[in-house]
Structures are given as C-alpha cells and as structure tokens.
Amino acid sequence: MSGKHEKKKVLPELEGAENDVVMRFAPNPSGPLHIGHARAAALNDAYVKQYGGRYILRIEDTDPKRVDPEAYQTVQEDIRWLGLGITEVVTQSDRLPIYYDLCKQLIENGGAYVCTCDNEVFKELKADKTACPCRGNPVEKNLELWQKMLDHTFKEGEASVRIKTDLSHPDPAMRDFPAFRILDAPPHPKVKAHVYPLMNFSVVADDHLLGVTHVIRGKDHIANTRRQKYIYDHFGWQQPVYRHYGRMGIEGVVLSTSQMRAGIKEGLYSGWDDIRLGTMRALARRGILPEAVKNAMIAIGIGDVDISFSWDNLYAENKKLVDPTANRYFFVPDPVEAKIEGAEPHTAHALLHPSDEARGKRTLEFTGTVLIPKAELVPGTAMLRLKDLFNVKIAWNGDTPSFSYGGDSLAEARAAKARIIQWLPAQATMPCTLLTQEGEVKGACEPAVKGEAGKVIQFERVGFVKVDAVSPDGVVAYWTHK
RNA sequence: GCUGCUAUAGUGUAGUCCGGCCAAUCAUGUCGGCCUUUCACGCCGACGACUGGGGUUCGAAUCCCCAUAGCAGCACCA
C-alpha cells in the first residue's frame, strides 16, 4: 500500500550475541510506565526478537518506600499494551531468601562484611580512603552480625552489609558500597521483611541466576555496572554485556511519578491517562499505537549521547500505521448554519477511506441546510465546494453571507479555486468535542462516528483523532496528530 | 569539586573500531511543485550537519592533543 521502501531500522549487533540472548526489563513498581520506560522496554524487546531467547520482566520492589501496590498491576497492563515479548515474570520481593543466602555466601568468602558504623562516620572514612573498624572483622563475627540483622537485634540504620571493593578507588562511589540495609518502616506491601537488599546486590543475584546475557539500560547505571563488577568478581561469576544509552530529554509532558500522583490527587489531572502526561496510557488514549512507540524508540537506538525526544518523529511513525486504517469522517469545528437556496435535495456518498473503496461509503442527506466551519467564511469568499456534494456560491452583504447552489461541476470549483470543505447536513449531526493538549474544540460530526468508539479515525482536513467516548448526547474525541 | 562518558543538519540516525569508496546515509521537519472531491496519503525537488583550534598523514567526520559544551555518578533509591 505504501510506496515507501524504507529500510527497517536495524539495531547495531550486540557483542557476543550469536545465539539466544536473555534480556530483561526491570521497572520499579512505583506507577504506570511512561515514555522513559518505553525506551528500555522496546530496545531490549527488539534485541530479543532479533536474536531469539528469553525476555524477563523483573519487578524491582526492594525499596518499600518506592512501591505502589497498584503498580504491580498497572505495569503489567502497560507492558501488555506495548506488546512486549515477555517470557517470564520475576518479582524481587519473592526472592528475599535467595538474596539472604547469597549474602551469607559472600560473607563467608570474604567479599562482604557487616558494618555497624554510624553512617556519617563511614562517609568520612570513605572520603579518606580509610577502612572502617568493621572491615577487619573475621568471617565468624560477620556471620554473627548478619544473623543479628536478620533477627531484629539491630534496628534501622544500625547495621548494613557492605561489599569489599577498593578503598583507594578514585571514585568514592565505588568504595565499599552497601548491599543490604535494615528498614523498620514502612512495611512492604507484599512481604514481611526488614532486611532489604540494595539494588546493586539483588540485580547481580538475579541477572546471574536468571542467566541474563545482555543488559540495555540508561547511562545513569554506568557507575552501578562498575560497582556490580565487584560482586561478580567475588562470586567468580561472569558479568553480562552492557550497553548504556544516553539521557533522553522529553518536553511537553509530565513524567515524574510523584508529580503525576500529586497532580491527580489535587484534581489537576483527570488520571494516569490524562493527555498532558507522558504515560503509556495517556499515549494510548491519544491514539498513539504501541507499535509506533516501539518503532520510534528503535529509531532512536542505543547511542550514548544525550538526545531530545521528538514528538514529530513519534507522530510520523504513528501516522504510517494509522493512515491506512483510519476511516474518514467530517467534523465541523465551530459550526455555522448555511441555508442553501436553489439546491434540490441530494444524497452524498463519501468514501470511508480514499484509497480503499471496498471499505464502503457513508451517506449524507442534503435537504437544504448544512453546517460548515465558521473559519471558512472569510468575507469575500465567492465559492466553496462541499466535499462530495456540490458547489456553493456566496454573496456577501457586508459581513453577512448568503448561500446559493453553484452547480455540481468539480471542474468549475477547481477553476474558481474554491476550497473543498467538510460539511454536515444540519438535520443529521452529532455534537462532538475534540480535546487537545491545548484545550477543547466544540463542533459537530457525522452520527456514524459513534460506531468508531475506541478507534483512531481521521476528521478530514482536521487530523487524526481517537474516539474516546460515545454517548447519546455526543462524541468526545482526542486529538492524535495532523 | 572529584571520577568517567560523549560531541554529525531544527530533531533522530548511519558512517568513527580497521583514515581514502563521505563534495557525509536514511527518516523526520520546513518550503516549493505534482497528484487528489481532505490542509491526509503518494510522488518530485529544495533547505539543512561532521563543536572550535592545533597535530599526525600524500590524504582526517574517522587517529592524537588542547579548548569548549553537554551528560552521568559521587544515596543504607532504582
């Protein structure tokens, strides 16, 4: 159908990925997925599809402060919408015993120790490249302290497990970073616990245990990759291959989960799918297809340079998908009635899709009066053509137009350079509100639009819209793009 | 500040590893034209970039150095 022979964008080869790969998407269940997540989700997905293998969804919920119980559900829904090829789901809070066991092993082989220093004191020692007193404790002592962490002898902040790294490492962030901590509150919504692994530990444990071969993630994790190397080395495990992509600046929508949540609570936003937000559900509501999101993310690729996300490029991807399928209808924004003198009743037949006649036609009965967009009535305009109907002559008495039948000839309309405009029979219309990120446009559309609920259609000469809600007293549609 | 990474048109991207085939790819965007009973789609064309300065070399977008800019990390978050 499309005449474009555009090459499918191919991602660069992944090092060591000849055979099947195992990759993962690892969101934090703190809210619905947004465009930022979509990049990691789509990139990993594309590679698994390219090489074959497994794609693990791993819910990283080891910080009870950052868990929204509802998000377990919403994240899965968003992933289903995106159409990711997830092959298995793992939730970290289910795996605490596994982490505890590995921690014990790590203490036994000398790779970690329990530190009971005051946090501020440790910070100073670290800045000074000096070992804290706990670092020299024998294994037995560490195991004993570890047991005390688990059995509630220690309270929050009184003890933590640290990975032995290089205290003289030039980057202080590398020096004996923490692996487990105690949290007395808040309670975890899914599991009873008070000793939690920190991300760097649980990620290493899971990536290794699940057999993850390649990791694509943002460059904010570069330091974590270096930290995690120490754990891999302590265990004698092999680290996966990493690719860290750059920061993606996204303008025009709200992405911060806390900001979104607060806005919804205050009534500023209607919900997680408010079209001013950058969530997957907001995009869905606006008529953006999941394939378009994935394609746009793959086009961006895995470069480590910081980029700015382009809505234009996303819309272009979406239009490629939506244009061949969207039925066409008339929507008249800001309508005015025009009684057309001298015109016999007509029945207009308009194609549902201009390049697919098989799809059929809609019929519009002209009986004398039509609705046309006010914006078309520029004083001085002598002729307009009502699309699929006939020409209309306009006589101006000052700023007041009067309309009369101007013949059926399209050629005449062309010769007169008359604009071909959308219209509606005044006796058969449906109120329609078009919502855009800037505000709402009131108008009227063809009654047949009510059969398109939930679909993306095109309002001719206006743009693509998603039919959001249909009720006896009207249609609400969301603006998608031109 | 410290540690590290990066720099191609308005935007995204290919080329950079292994210097010549790059007077730099593709997409998007903008503008113009054609087509068209939509200001859509399609087609044609135009516009538009190797951050700056040195160096190496017969030859540099590609290698080296310096400058500048941006970013990441420097949490008992992920």
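Chain A is the first sequence line, chain B the second, and so forth, proteins listed ahead of strands; every chain is numbered from 1. Since the model is a prediction, treat every value here as computed from it, not as a measurement.
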Output the single nucleotide from [options] whose closest atom is nearest the side chain of [X].
X	options	answer
A:N313	B:rG12, B:rA75, B:rA78	B:rG12
A:K387	B:rU11, B:rG29, B:rU37	B:rU37
A:D220	B:rA40, B:rA27, B:rA72	B:rA72
A:R414	B:rA78, B:rG12, B:rU37	B:rU37
A:E376	B:rC39, B:rA78, B:rA75	B:rC39

Would you mind reading off the distance between [X] atom [atom1] and [N] atom [atom2], rounded to a whole angstrom?
X	N	atom1	atom2	result
A:L43	B:rU13	CG	P	11 Å
A:Y245	B:rG70	OH	P	23 Å
A:M199	B:rA75	CE	P	15 Å
A:E357	B:rU37	CD	C1'	13 Å

* Asked: Is A:E317 side chain donor-acceptor paired with the B:rU28 base, going by distance under 3.5 Å alone?
  -> no
* What about A:E460, does its side chain sit under 3.5 Å from the base of B:rC41 through a donor-acceptor pair? -> no
Using only side-chain N and O atoms of [X], determine if any of them is under 4.0 Å from OP1 or OP2 of [N].
X	N	value
A:T62	B:rA78	yes
A:S30	B:rA78	no
A:K319	B:rC41	yes
A:N119	B:rC76	yes
A:R385	B:rU37	no

* Asked: Any side-chain heavy atom of A:H194 within less than 4.5 Å of one from A:F154?
  -> no
* To do: Flag the pair A:L209 / A:L102 as yes when at least one side-chain heavy-atom distance between them is below 4.5 Å, and no otherwise.
  => yes
* Indicate whether the side chain of A:R24 and that of A:N44 have a donor and an acceptor atom separated by less than 3.5 Å. => no
* To do: With heavy atoms under 4.0 Å as the rule, sort A:P354 into base, sugar-phosphate or nothing.
  => base
* A:R66 near the nucleic acid: base, sugar-phosphate alone, or nothing, with a heavy-atom cut-off under 4.0 Å? -> base
Can you tabulate the close N/O pairs, meaning under 3.5 Å, that link protein atoms to atoms of nucleotides 3-8 of chain B?
none

* Does A:R162 make a cation-pi contact with A:F122 (under 6.0 Å, within 45 degrees of the axis)? -> yes
* Structure fact -> In Watson-Crick or G-U wobble terms, with both distances under 3.5 Å, the base opposite B:rU68 is B:rA7
* **side chain to side chain donor-acceptor pair (under 3.5 Å) partners of A:E13, counting only residues at least two apart** => A:Y51
* Asked: Is the distance between the ring centroids of A:H208 and A:Y232 less than 6.0 Å?
  -> no
* To do: Check for a donor-acceptor pair, side chain of A:R328 on one end and backbone N or O of A:A326 on the other, with a separation under 3.5 Å.
  => yes
